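The shown structure was predicted, so the numbers you read here are calculated from the model rather than taken from an experiment. Below, each value reflects all heavy atoms present in this structure, side chains not excepted, and no hydrogens, waters or symmetry copies. Chain letters run A, B, ... following the sequence lines, proteins first, then strands; residues in each count from 1.
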Number of protein chains: 2
Amino acid sequence: MDKYQKIPDVVIKRLPIYLRYLDQLSAMDVETVSSQQMGDDLNLNPAQIRKDLSIFGDFGVKGMGYRVSDLSEKLRSILGLDKEIPIILVGVGNLGAALCQYNRYQSPSTRIVSVFDGHPSKVGQTVGSMVVKPMEDMEDFVQQNKVKMGIITVPSQAAQKVADQMIESGITVILNFAPTLIHVPSNVKVQNSDVTTELQALSYYL
Amino acid sequence: MDKYQKIPDVVIKRLPIYLRYLDQLSAMDVETVSSQQMGDDLNLNPAQIRKDLSIFGDFGVKGMGYRVSDLSEKLRSILGLDKEIPIILVGVGNLGAALCQYNRYQSPSTRIVSVFDGHPSKVGQTVGSMVVKPMEDMEDFVQQNKVKMGIITVPSQAAQKVADQMIESGITVILNFAPTLIHVPSNVKVQNSDVTTELQALSYYL
DNA sequence: TAGATTGTTAATCGATTAACAATC
DNA sequence: TAGATTGTTAATCGATTAACAATC
């Protein structure tokens, strides 16, 4: 393990896949798994899996493979999922509301803790057991609750402004569902996830 | 342009980004744009943009750049967005319903034309102007309407079965929102899009 | 011990970027 | 023509994969 290497995004994106797979094995009372087996089940090269994992430490046992419970614990810790991660969401349209509900029965560590909307008619509504708050309340909430992650589900035209406000408040990681590029300082991480763009790309394969 | 090269997925995924950008320029009555300008605005290397585009043809004019309307038309044609693409969606939970609504005011060529659900209580409900149909009706619908693209928004446990049914019916491209890997024949294209996994990966950057 | 499988090095593959001749 | 910018080649960079010594 080289402590000072930059870890590629593409590796980070595979870690939750590994974790989910391990949780499935765990539910089936499987105690150990080899990179070969993982590769078969996940359609990945075993060498790639070993290389990914070895970046973070020597988690395996030669001749035996990986202990499922050990490895999932390590991965959870690497990803920071061993603690609760508070998330705010801005934009309570259909998609935003769906994510708030979805959130409730999913991953226990990543949790939407508060929801905001700039439109007065939305404020005060209840979505997924949360009451929608006005945008003016966002900064205080983010700071008082040390929220670092935000989800944007507003229309395209509003996305940049919301991102700016989030960053101003102290958010450093943004999941953007608006179909538009948002510009952020280099210390802020943005992940775009946009159905329209995905469908358009998939259209090529028809 | 080499007609027989395999085009990388990563290039295909950038095409809708270019297209969206060009549409923005068009709305601002900009008539031409250079790869330099595009690169500045999209945070991409100009050489990469030129290389991506040159795979499909010589769309630019030396010394002048690209005509916005020409290029967007070409991209639309490459992606197959110059015709209507019928899409079915299976699983009318919060997310599925949101996508049906979202769909209505978005991209005109990719359109969800019918919605299905395996749960009797969902069948007959109206979402986004469509009436939810039972799973038994899916195959006939897909075949009669020559639907090739499907969206999966069912819970994880049901995802593989739905994928199998879709493929059986003639679907060849699937956008999967269930947080699970689905196994498909090599002639079927699957794109996964899962909020939980994305949030977990983003957690690393906190 | 013999068999299995890791962690890691080296080879390969593929994507990005720099550089520049061609040319509008 | 002079300046700008393409399309493309070659160089670079980075990620994937094969191979294998180490070792449980």
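Look at CD1 on B:Ile55: it is 15 Å from C1' on D:dT6, rounded to the nearest Å. Nucleotide C:dG14 holds its C1' atom 10 Å from the NZ atom of B:Lys51, rounded to whole Å. The distance from atom CG of B:Leu71 to atom C1' of D:dG7 is 14 Å, rounded to the nearest whole Å. Atom P of nucleotide D:dT6 and atom CZ of B:Phe59 are separated by 14 Å, given to the nearest angstrom. The CG atom of B:Leu53 sits 11 Å away from the C1' atom of D:dG7 (whole-angstrom rounding). For the pair A:Lys6 NZ and D:dC13 P, the interatomic distance rounds to 17 Å; values are reported in whole Å. The distance from atom CD1 of A:Ile7 to atom C1' of D:dG14 is 15 Å, rounded to the nearest whole Å. Between A:Ile12 atom CD1 and D:dG14 atom C1' there is a gap of 16 Å when expressed in whole angstrom units.
Near-neighbour residues of DNA chain C inside residues 60-70 of chain B, defined by a heavy atom below 4.0 Å, number-ordered: B:Val61, B:Lys62, B:Gly63. For residues 22-48 of chain A, proximity to DNA chain C is found at A:Ser34, A:Ser35, defined as any non-hydrogen atom under 4.0 angstrom from a strand atom.
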Chi angles and distances behind the side chain to side chain contact (heavy atoms under 4.5 Å, CB included) call for A:Val90, A:Met166: CA-CA 9 Å; A:Val90 176; A:Met166 281 183 168; 3.6 Å; yes
Test side chain to side chain contact (heavy atoms under 4.5 Å, CB included) applied to A:Leu15 and A:Phe56, step by step: CA-CA 11 Å; A:Leu15 300 185; A:Phe56 302 99; 3.9 Å; yes
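Here the closest non-hydrogen pair linking B:Val115 and B:Val92 is CG1-CG2, 3.4 Å. Between B:Ala159 and B:Asn176, the shortest heavy-atom distance links the atoms CB-OD1, 4.4 Å.
Salt bridge B:Asp194/A:Arg20: present, at least one basic N to carboxylate O contact under 4.0 Å. Salt-bridge formation is detected for the pair B:Asp23/B:Arg76: a Lys NZ or Arg NE/NH1/NH2 atom is positioned less than 4.0 Å from an Asp or Glu carboxylate oxygen.
The side-chain heavy atoms of A:Met149 and B:Leu199, taken from C-beta on, include a pair separated by under 4.5 Å. For the pair B:Ile182/B:Val190, a side-chain contact is recorded, criterion being any heavy-atom separation below 4.5 Å from C-beta on.
Relative to the six-membered ring of B:Phe141, B:Lys133 meets both conditions, a distance below 6.0 Å and an angle of at most 45° to the axis. Note that B:Lys189 lies in the cation-pi zone of A:Tyr205, set by a 6.0 Å cut-off to the ring centre and a 45° limit from the axis.
Annotated stems with DNA chain D as a participant read C:3-24 with D:3-24, given as range with range, by first number; only runs of 3 or more Watson-Crick or G-U pairs under 3.5 Å qualify.
More than 12 non-hydrogen atoms from other residues, nucleotides or ligands lie less than 6.0 angstrom from NE2 of A:His183.
Neither OP1 nor OP2 of C:dA4 sits under 4.0 Å from any side-chain N or O of A:Arg50.
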